[in-house]
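Here is the structure we will look at, set down as structure tokens.
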Amino acid sequence: MNKKNIVVIEGDGIGPDIVAESIKVLRKIEEISDVKFEFSYYEAGGVAIDKYGHPLPEKTLEACKKADAVILGAVGGPKWDNLAGDQRPEKALLGLRGGLGLYANLRPAILHRQLKDACPLKDEIIGDSLDIMIVRELTSGIYFGERGRNKADKSAYDTMYYNEEEIERILKVGFEISLSRNKKVCVVDKANILESSRLWREVTQRVAKNYPEVECNFLYVDNAAMQLIRNPKQFDVIITENMFGDILSDEASMLTGSIGMLPSASLGGKNALYEPIHGSAPDIAGQNKANPIATILSIAMMLRHSFGMENEAQKVEKAVDAALTAGYRTGDIFSKGMKLVGTKEMGDIIANYIK
Ligand code: NAD
């Protein structure tokens, strides 16, 4: 029996609701494979602040370091909004990414053909479907650079820092992924203004020489934000720095109908972390309303990237597709004529489609 140790961090808000459904799916995978999943639950985010006074307790990080993979729901909520920056729940995310060395964040933005009505763009722009892979740098840039306040002149500053090694390794991840897709990479930056972006361009030109079969172009981030709406089909793989990737992937999520549909994988270290891209959605927490699909698709990414279980990953993705084709919808992706279901029902339905 092949055993995988998975650390489960439910987090806050809808975190426990959606993570429970991803566990259902993994239990189903156990039935159709020779793999056994061992789950250990740890705290991070607001719940950890309440219990231990820290958003990322040392024992959570230590357990993650030893695990084969980590599943994370979401962290944060209004209860902790007034805490100082380094004590907020979101600090746990940065601590996990930094602590596990997860520098590469893969965010596929896929519009399922069944959800075309939920996409705000016109039919002639999106065609039948959309499939963009956003590769976001995750452990450097302005989110990790030096920051501070100056009382004397009542100012504050954040620093966007990158070194060549950090840029090169994320570019390699993006170029490699493009080889199994349409061999088209767009590097998004702000090289007309930022020195760090000009370094990104220099390193890209060097890295691109090793991938002559990949078409590579650059876009300024403001133009990229516009092009994602004007003509999203021009993109295949987008590679970009931390903050630009954060913003563009949320924008891309709207093209797919709901933020509740988008999974992510954070890779680069000894093990990897899988989480939906959305937050803790406090407005619908504990009400059986959250869409668990982003988390379930994150599980598919875990099977693929951490465990080499491509066949099972595809079974999970096909099960999601089958549930959508059969007309099941949570509130966020509901449209007239479809069958409205809750979080738990959607989890059951998807798990049942896995054969
Ligand atoms: P959010 O993503 O939590 O919610 C935005 C909107 O989308 C809300 O209306 C919410 O109900 C809806 N939504 C989100 N996920 C959904 C799902 N699975 N199904 C159905 N609807 C869904 O963003 P926010 O409101 O800006 O942030 C709420 C909290 O989450 C904040 O504390 C924020 O800091 C935190 N946050 C955490 C993460 C993370 O843990 N990775 C990411 C983003 C925000």
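Numbering of residues begins at 1 and proceeds along the displayed sequence. Atoms within a ligand are numbered from 1 in the order they appear, just like the ligands themselves.
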Exercise for review: Apply the test side chain to side chain donor-acceptor pair (under 3.5 Å) to residues T60 and Y52: give CA-CA distance (whole Å), side-chain angles for both, the deciding distance (0.1 Å), then the verdict.
Suggested key: CA-CA 11 Å; T60 299; Y52 306 104; over 6 Å; no
Check your understanding: With a 4.0 Å heavy-atom cut-off (strictly under), which part of T330 contacts ligand 1: side chain, backbone, both or neither?
Key -> neither
Study note, to complete from the structure: If we number the atoms of ligand 1 from 1 as shown, the ones under 4.0 Å from a heavy atom of G77 are 32 (O)
Practice item. Before signing off on this row, confirm whether N291 and ligand 1 have an N or O atom pair separated by under 3.5 Å. Key: yes
Point to revise | Which residue and heavy atom of the protein sit nearest atom 14 (C) of ligand 1, plus the separation | key: I259 CG2, 3.6 Å
Check your understanding: Honestly curious: do I71 and M346 fall in one hydrophobic cluster under the side-chain, below-4.5 Å linking rule?
Key -> yes
Review point. Would a search of protein heavy atoms around atom 25 (O) of ligand 1 find one under 4.0 Å away?
Key: no
Check your understanding: Among protein heavy atoms, which sits nearest to atom 9 (O) of ligand 1, and what does the distance come to when rounded to 0.1 Å?
Key -> D283 OD2, 3.2 Å
Exercise for review: Classify the side-chain pair D17/Q287 by whether it contains a donor and acceptor separated by less than 3.5 Å.
Suggested key: no
Review point. Among protein heavy atoms, which lies nearest atom 39 (C) of ligand 1, and at what distance?
Key: L93 CD1, 3.5 Å
Check your understanding: Does the protein put any heavy atom within less than 4.0 Å of atom 3 (O) of ligand 1?
Key -> yes
Check your understanding: N/O of A290 under 3.5 Å from N/O of ligand 1, yes or no?
Key -> no
**Study point:** D189 vs R198, salt bridge (Lys or Arg N to Asp or Glu O under 4.0 Å): CA-CA, chis, key distance, verdict
**Key:** CA-CA 8 Å; D189 61 27; R198 288 193 271 272; over 6 Å; no
Review point. Do L138 and N242 have side chains that get closer than 4.5 Å, going by heavy atoms?
Key: yes
Revision key, fill the gap. Checking heavy atoms under 4.0 Å, the part of P282 that sits near ligand 1 is side chain
Point to revise | Within-cut-off N or O pair, V75 and ligand 1, under 3.5 Å | key: yes
Exercise for review: Using modelled atom types only, decide if a donor and an acceptor are shared between the side chain of K24 and the backbone of K344 within a distance under 3.5 Å.
Suggested key: yes
Exercise for review: Quick one: look up the protein heavy atom nearest atom 15 (N) of ligand 1 and list residue, atom name and how far away it is.
Suggested key: H278 CG, 3.2 Å
Study note, to complete from the structure: In D321, D131, D123, D128, the residue satisfying salt bridge (charged side-chain N to carboxylate O under 4.0 Å, His left out) with R113 is D321
Review point. Does any N/O atom on A281 come nearer than 3.5 Å to any N/O atom on ligand 1?
Key: yes
Exercise for review: With side chain to side chain donor-acceptor pair (under 3.5 Å) as the test, would you mind laying out the steps for E166 and S140 before giving the verdict?
Suggested key: CA-CA 8 Å; E166 290 166 341; S140 190; 2.9 Å; yes
Study note, to complete from the structure: ligand 1 to A74, heavy atom cutoff 4.0 Å, flagged ligand atoms 40 (O)
Exercise for review: Evaluate the criterion salt bridge (Lys or Arg N to Asp or Glu O under 4.0 Å) for residue pair E62 and K65; output intermediate values, then yes/no.
Suggested key: CA-CA 5 Å; E62 284 312 308; K65 283 181 181 167; 3.7 Å; yes
Check your understanding: Does one side chain, of S298 or E275, offer a donor that lies under 3.5 Å from an acceptor on the other?
Key -> no
**Study point:** atom 22 (C) of ligand 1: the protein heavy-atom neighbour that sits closest, reported with distance to 0.1 Å
**Key:** I284 CD1, 4.0 Å
Review point. Hey, is I14 one of the residues with a heavy atom under 4.0 angstrom from ligand 1?
Key: yes
Study note, to complete from the structure: Output for pair (N182 CG, F235 CZ), nearest 0.5 Å, gives 14.0 Å
**Study point:** Distance-only N or O hit between ligand 1 and K289, under 3.5 Å
**Key:** no
Check your understanding: N/O of R88 under 3.5 Å from N/O of ligand 1, yes or no?
Key -> no
Check your understanding: Which atoms of ligand 1 sit under 4.0 Å from any heavy atom of G260?
Key -> 17 (C), 18 (N)
Point to revise | Heavy atoms from other residues, nucleotides or ligands near NZ of K36 exceed 12 (cutoff 6.0 Å) | key: yes
Revision key, fill the gap. Ligand 1 to G76, heavy atom cutoff 4.0 Å, flagged ligand atoms 32 (O)
Revision key, fill the gap. Looking only at protein heavy atoms, what sits closest to atom 44 (C) of ligand 1 is G279 CA, 3.5 Å
Review point. Taking the side chain as C-beta and beyond, is there a heavy-atom pair between L171 and I239 under 4.5 Å?
Key: yes
Review point. Do you see a protein non-hydrogen atom under 4.0 Å from atom 6 (C) of ligand 1?
Key: no
**Study point:** Donor-acceptor contact below 3.5 Å, side chain T343 vs main chain A290
**Key:** yes
Check your understanding: Are L303 and K315 close enough that some pair of their side-chain heavy atoms sits under 4.5 Å apart?
Key -> no
Check your understanding: Which of the atoms in ligand 1, numbered in the order shown and given with their element, are less than 4.0 Å from a heavy-atom of E275?
Key -> 41 (N)
Practice item. Please could you name the atoms of ligand 1 that E90 approaches to less than 4.0 Å, counting only its heavy atoms? Key: 31 (C), 32 (O), 33 (C), 34 (O), 35 (C)
Check your understanding: Just to confirm, does any protein heavy atom lie below 4.0 Å from atom 30 (O) of ligand 1?
Key -> yes
